[in-house]
Amino acid sequence: MGWYRRHARVLPWRADPQREDDRGRVDPYHVLVSEAMLQQTQVATVVDYFQRFIRALPTVFELAAADEQRVLSLWQGLGYYRRARHLHRAARALVDQHGGTIPRNAAKLAALPGIGPYTAGAVASIAFQQREAVVDGNVARVLARLEAIEAVIDEPATRRHLWRLAAALLPSRRPGDFNQAMMELGATLCRPRSPACGDCPVAALCRAHQCGLERQLPRRRPRRQPQTVEHHIVAIERGGRWLLEKRPDDGLWAGMWQLPVNETLDGEPAAPALVGWVHSRYGLDIAPPATAANFTHRTTHRTIHFHLWQASTHGGRLRRGTAALWRRLDQLEDLPLANPQRCAITTLQGC
DNA sequence: AATGCGGGGCG
DNA sequence: CGCCCAGCATT
């Protein structure tokens, strides 16, 4: 804890840990938003998003009153957009059922959408000084090394063991700071690849370090190989405006907007196939599209080869089941777009 | 118990 | 490149 007080990073959702009197002054709403953003996302990536989000929606009431599209726009580029929709729904539940106050109790927190065991423990301990343990990726790695746990860390039995360990180590004084200290240790010293055991305050207690095993631990289950798929973006222009549509409410990039994308054509599509597809799906007649660009987008689970095609249409009546509209490319600020779509649109603007 | 869900940092 | 990140919901 002394180490944490000296080395903790100053972060916008955190009270300055070097100022004793700041404890308890954190805004629970800030903690909630930051923890949602931090799920599977590194601190450095989150900082700017967090500041922009809080500036735009400073309290749970503004978040609850906001349109989902606006929340997604504030999340645009951060990934895992389900988190944004869950957070939005959680805010509405809090305003409707709790008068806008965030519960201090971990079980009540965990009942909210998007809040699981980790986030519930984090909010309860950090925002409300409740004695709740947390195990995130950092804590799991720190504990696995401290105790030289060789079991595969992703297994449910191992997770349960780690939670029991974390709970046993948790002090009754300042549990929130303890939890943050463990995570900070994992993020800054007890790193996955190159652990800085020389600087670690608990190296003398670390069984992995004593055995020289720190680089082998924790053990993880091998991941499935990412699939490679082809997505064909057909950018359709009519009189300076382009067709945009909203993606379905589930699956990849749910609720985000896009230029029309064909995700089913395998192999070499050829422009004629896309002409037929646009006709059948949108009811629009286009000239055979021309290639504008190709780029690759990688996520954890798949590699997507994007083929950007450009076409124009004159007549035809738009047929569409879900939301679609024609827009100038410099007037898309209100439409949340995932990164590959932003990339495609930037390319078109350069054409 | 397994899978889907983004995007970026870093060696 | 590959691995991992202040996880969660769904099946």
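Predicted model, so just to flag it, every value in this text is computed and none were measured. A, B, ... follow the sequence lines: proteins, then strands. Residue 1 opens every chain.
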Main chain of A/L337, side chain of A/Q76: is a donor-acceptor contact present, judged purely on distance under 3.5 Å? yes

Give me the one residue out of A/E230, A/H232, A/H231 that meets side chain to side chain donor-acceptor pair (under 3.5 Å) with A/H307. A/E230

Treat primed atoms plus P, OP1 and OP2 as sugar-phosphate and everything else as base, then score nucleotides 1-6 of chain C 5' to 3': B for base contact with protein heavy atoms under 4.0 Å, S for sugar-phosphate contact only, - for none. -BBBBB

OP1 or OP2 of B/dG7 less than 4.0 angstrom from a side-chain nitrogen or oxygen of A/Y81, does that happen here? yes

Could you tell me whether A/R85 and A/D249 make a salt bridge, using a distance below 4.0 angstrom between a side-chain N and a carboxylate O? yes

Write down the distance between CD (A/E263) and C1' (B/dC5), rounded to a whole number of angstrom. 14 Å

Can you tell me how far P in C/dC8 sits from the matching atom in B/dG8, rounded to whole Å? 22 Å

Interatomic distance at P, B/dC5 relative to C/dA6, whole Å: 23 Å

Given 3.5 Å as the limit, does a donor-acceptor pair link the side chain of A/R14 with the main chain of A/I126, or not? no

Donor-acceptor pair, A/R104 side chain versus A/Q130 backbone, under 3.5 Å? no

Check: A/P113 main-chain N/O paired with A/R89 side-chain donor or acceptor under 3.5 Å: no

Atom-to-atom span, NE2 of A/H86 to P of B/dG4 - whole angstrom: 17 Å

Here's a test of your reading of the structure: between A/R82 and A/R342, which maps to the more 5' nucleotide of DNA chain B? A/R82

If only side-chain N and O atoms of A/R302 are considered, is one of them under 4.0 Å from the OP1 or OP2 phosphate oxygen of B/dG6? no

Using a 4.0 Å heavy-atom cut-off across all strands, classify A/A338 as base, sugar-phosphate, or nothing. sugar-phosphate

Calculate the interatomic distance between A/L252 atom CG and B/dT3 atom C1'; express it in whole Å. 14 Å

Looking across every strand, which nucleic acid part, if any, lies under 4.0 Å from A/L78 by heavy atom: base, sugar-phosphate, or nothing? base

Members other than A/L213 in its cluster, when Ile, Leu, Val, Met, Phe, Trp, Tyr link by side-chain heavy atoms under 4.5 Å? A/L217

So does A/R191 get a side-chain nitrogen or oxygen closer than 4.0 Å to the phosphate oxygens (OP1/OP2) of B/dG9? no

Rounded distance in Å - CD1 (A/I304) to C1' (B/dG6): 10 Å

Separation of A/D250 atom CG from C/dT11 atom P, in whole Å? 10 Å

Taking 4.0 angstrom as the limit, do A/R164 and A/E147 come out as a salt bridge? no

How many whole angstroms separate atom CZ of A/R224 from atom P of B/dA1? 18 Å

Check whether A/Y80 forms a cation-pi arrangement with A/R82 (NZ or CZ under 6.0 Å from the six-membered ring centre, at most 45° off the ring normal). no

Whole-Å gap separating P (C/dC8) and CH2 (A/W75): 13 Å

Would one find a side-chain N or O of A/H301 under 4.0 angstrom from OP1 or OP2 of B/dT3? no

Calculate the interatomic distance between A/H297 atom NE2 and B/dG8 atom C1'; express it in whole Å. 10 Å

Short side-chain N/O contact to C/dC8 OP1/OP2 from A/R83, under 4.0 Å: no

Does A/R141 use its side chain to pair, donor to acceptor, with the backbone of A/G186 at less than 3.5 Å? yes

For DNA chain C, find the residues of residues 145-169 of chain A with a heavy-atom distance under 4.0 Å and give them by number; none if there aren't any. none

